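Here the structure is a predicted model, which is why all the values come from computation and not from measurement.
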Amino acid sequence: MRHLSERHAAYFGHWSRLLLMERQAGQAEAEAPSAAAAASATLLFEGQRPARGRDGGSGQQTLVRFRVAGTDEPPLTDVASEGDFAVVDSADGCLVGLCAGLVREIACDRLALLCDRPLKKTDLHYRIRKSNSQKSIGICLSYLVMLMEDSPISTRLRELLIDKRPPEVTSFDHATVVSVRQFAAPLNREQRKCLLATLAAKDFVLLKGYPGTGKTTFLAALVAALVHLGARVLVSAYTHSAVDNILVKIVDTYPQVGLLRIGQEARVHPRIRSRCLASELQSLQQQQREGSSGATSAGVRALVESRPVVGCTCLGALDPCLARCQFDFALIDEAGQAPLPACLGPLLRLSGSGGRFLLVGDPHQLPPMVLSRRAASLGLGRSLLCRLLNREAVTARVTFALTEQYRMNSCLLQLPNQLLYNGELTAHESVSQLTLPAVTLPPRLRDPLACLAAVWSDRLEHSLVFVSTERIDSVQAESCGRRSSLAGQASGSSSLANPLEASLAVSLLRLLCPAAAAPADVGLMSPYRDQVALLRRRLSAESGSQLTGVEASTIDQFQ
């Protein structure tokens, strides 16, 4: 421990205490009755069959299927997502842990779990709950211990993160600029500037990737340019979906780049599952026609070392197959949502001498999700990205922002610009004046819906419309189409539902789709789970109509 200063020891003690606070809060939540589980749908057993696990295991597993018991049940997608670890209990709560496994398939009314053993009691009513695992806290504690090791990369990270040594930049010759020109050419001016600056950084770069600014396009080009220059790149993020968004873009745009995905296949995007370690090893064994049932550690290490790009979550960086790997560059996307200790994992996989990293995120969006309010107030709720952005020693030479966005027209852009981004965002000319085509209402609807005239307009200033339902009664809400019951207020839940607004939203969509927008391009969202459940029931009642394909989810789920 002689290599550690008092500041280093204090840093370790502080963050260890915060993680232990978070672990205690997680244990308390797990022991308390879960509101989400209590409000989840009642399930019936639908069947089960043996299934060979695709997640790296060699044992026989069972795919157990359930369906919701009735049409008025809340959607299963509000409780869990594909790749989550879920536990099945009896609906009355008398029997717990009847089976457990990874969610392999999930829809509003169907669920399939990949379990280690079959379900024995198949004649009950069931509920599912997502398991609150404390494994992530243990991994973050391991990262803190690794940060204190007497190794080149740990020493360098302590200098940058704890001792606050200013990051350094260098310059590269004209030949390097020419070499990466093919990757910079499709990018806009901001993106090209950030690409060259990242290649010139000696320590790290911070990128504020605002919504709709082509962040994923830029990151794919950066990774391809780094590989072209001979670097090995670790692509990571706190969530599986964020990792896979980048990898899918790389596969689509730069198919020549060899990549490997570390993680359980059930949690990986279907487009990337063939690039997972288990699948790659299986294909390699078949090609070599080896009779062995498993791969040797040397074979795994050789496979990982052969790929210039490796993707994993921040917590997945502790995977044993990466234990001896060193990367020249680490990229962490959505870094504003990742707790600081979790970001240490990918950084600790860097080369101690010249490894560099890029943190990408939006400091104006969601911070790290922390259960313990005290731990959050003491620092766990503030990301590494935000800490470095606010550090005086971090100069403008390593801090950049993508501000030209391609998602919202100039009118829509005004709202986030005024509320969050201090006017930084600009709309690219290709989208700045875009609007939906105007909708012509039938004569019978013009008078009842006169107060909603702006909704049907194609004028730019009507791109964002606020509608107060205080001015609309149930007759107006239902006059747009078929009359349906306004009943449906959720009960037994702390969430909120408004049947009038649900009827109005679905009625408006009947006229907008497909006259102005394809159903698959429409998102119907609400901050409340019960309202989303009500919207989904209303949409499902429209089966066979022009609304098939409209997606309804909470704001967080869309995020």
Spacing of [atom1] belonging to [X] relative to [atom2] belonging to [Y], to within rounding of 0.5 Å:
| X | Y | atom1 | atom2 | answer |
| --- | --- | --- | --- | --- |
| Cys194 | Leu187 | SG | CG | 10.0 Å |
| Leu161 | Leu340 | CG | CG | 7.0 Å |
| Phe329 | Leu229 | CZ | CG | 11.5 Å |
| Leu344 | Trp15 | CG | CH2 | 9.0 Å |
| Leu413 | His428 | CG | NE2 | 13.5 Å |
| Ser526 | Gln531 | OG | CD | 5.0 Å |

Which atom pair, heavy atoms only, marks the closest approach of [X] to [Y]?
| X | Y | value |
| --- | --- | --- |
| Leu76 | Asp109 | CD1-C, 4.0 Å |
| Gly26 | Leu371 | CA-CD1, 3.6 Å |
| Val360 | Leu385 | C-CD2, 4.3 Å |
| Val68 | Ala41 | CG1-CB, 3.8 Å |
| Leu436 | Ala516 | CD2-O, 3.4 Å |
| Leu380 | Leu18 | N-CD1, 3.7 Å |

Checking [X] now: which residues fulfil side chain to side chain contact (heavy atoms under 4.5 Å, CB included) with it, not counting sequence neighbours?
| X | answer |
| --- | --- |
| Asn422 | none |
| Ala86 | Val103, Leu113 |
| Asp328 | Ala231, Arg232 |

Report yes if the side chains of [X] and [Y] come closer than 4.5 Å at any heavy-atom pair, otherwise no.
| X | Y | result |
| --- | --- | --- |
| Ser430 | Tyr406 | yes |
| Val223 | Val235 | yes |
| Thr554 | Pro527 | no |

How would you list all residue pairs meeting salt bridge (Lys or Arg N to Asp or Glu O under 4.0 Å) that involve [range], not counting sequence neighbours?
| range | answer |
| --- | --- |
| residues 199-216 | Arg156-Asp203, Arg165-Asp203, Glu168-Lys202, Lys215-Asp333 |
| residues 235-248 | Asp244-Arg261 |
| residues 335-347 | none |

(Q) Considering only residues two or more places apart or on different chains, which pairs with a residue in residues 374-400 satisfy side-chain hydrogen bond (donor to acceptor under 3.5 Å, both in side chains)? (A) none

[Y] and [X] side chains, donor-acceptor separation under 3.5 Å:
| X | Y | answer |
| --- | --- | --- |
| Ser463 | Asn409 | yes |
| Ser553 | Arg536 | yes |
| Thr213 | Glu404 | no |

Q. Pick from Val394, Leu358, Leu359: which one makes a side chain to side chain contact (heavy atoms under 4.5 Å, CB included) with Phe204?
A. Val394

Q) Restricting to pairs with a member in residues 214-252, which pass ring-ring contact (aromatic ring centres under 6.0 Å, His included), not counting sequence neighbours? A) Phe183-His228

Q | Pairs satisfying ring-ring contact (aromatic ring centres under 6.0 Å, His included), at least one member in residues 364-395, at least two apart | A | Tyr210-His364, His364-Tyr421

(Q) Going by the rule side-chain hydrogen bond (donor to acceptor under 3.5 Å, both in side chains), which residues pair with Arg459 if we only count those two or more places apart in sequence or in a different chain? (A) Glu461

Q.
Among residues at least two apart in sequence or on other chains, which ones pass side-chain hydrogen bond (donor to acceptor under 3.5 Å, both in side chains) with Ser410?
A. none

Expected output: side-chain [X] to main-chain [Y] donor-acceptor under 3.5 Å:
| X | Y | result |
| --- | --- | --- |
| Asn417 | Leu425 | yes |
| Glu22 | Ser372 | yes |
| Arg273 | Val268 | yes |
| Thr435 | Asp458 | yes |
| Glu501 | Leu504 | no |
| Ser236 | Leu331 | yes |
| Ser179 | Ala175 | no |
| Glu334 | Ala242 | no |

(Q) Could you go through Leu460 and Gln433, starting from their C-alpha distance and side-chain angles, then the distance that decides it, and tell me whether this counts as side-chain contact (heavy atoms from CB on, under 4.5 Å)? (A) CA-CA 7 Å; Leu460 184 65; Gln433 303 298 311; 3.3 Å; yes

Q. Does the side-chain contact (heavy atoms from CB on, under 4.5 Å) test come out yes or no for Val180 and Leu226, once each step is laid out?
A. CA-CA 9 Å; Val180 300; Leu226 287 164; over 6 Å; no

Q | With Arg356 via salt bridge (charged side-chain N to carboxylate O under 4.0 Å, His left out) - residues at least two apart | A | none

**Q.** Atom CZ of Arg373 with >12 non-hydrogen neighbours under 6.0 angstrom
**A.** no

Q) Going through the distances and angles, do Ser503 and Arg538 end up as a side-chain contact (heavy atoms from CB on, under 4.5 Å)? A) CA-CA 8 Å; Ser503 295; Arg538 295 293 170 86; 2.5 Å; yes

(Q) For Leu234 and Leu350: C-alpha separation, side-chain torsions, deciding distance, then whether side-chain contact (heavy atoms from CB on, under 4.5 Å) applies. (A) CA-CA 9 Å; Leu234 181 63; Leu350 287 170; over 6 Å; no

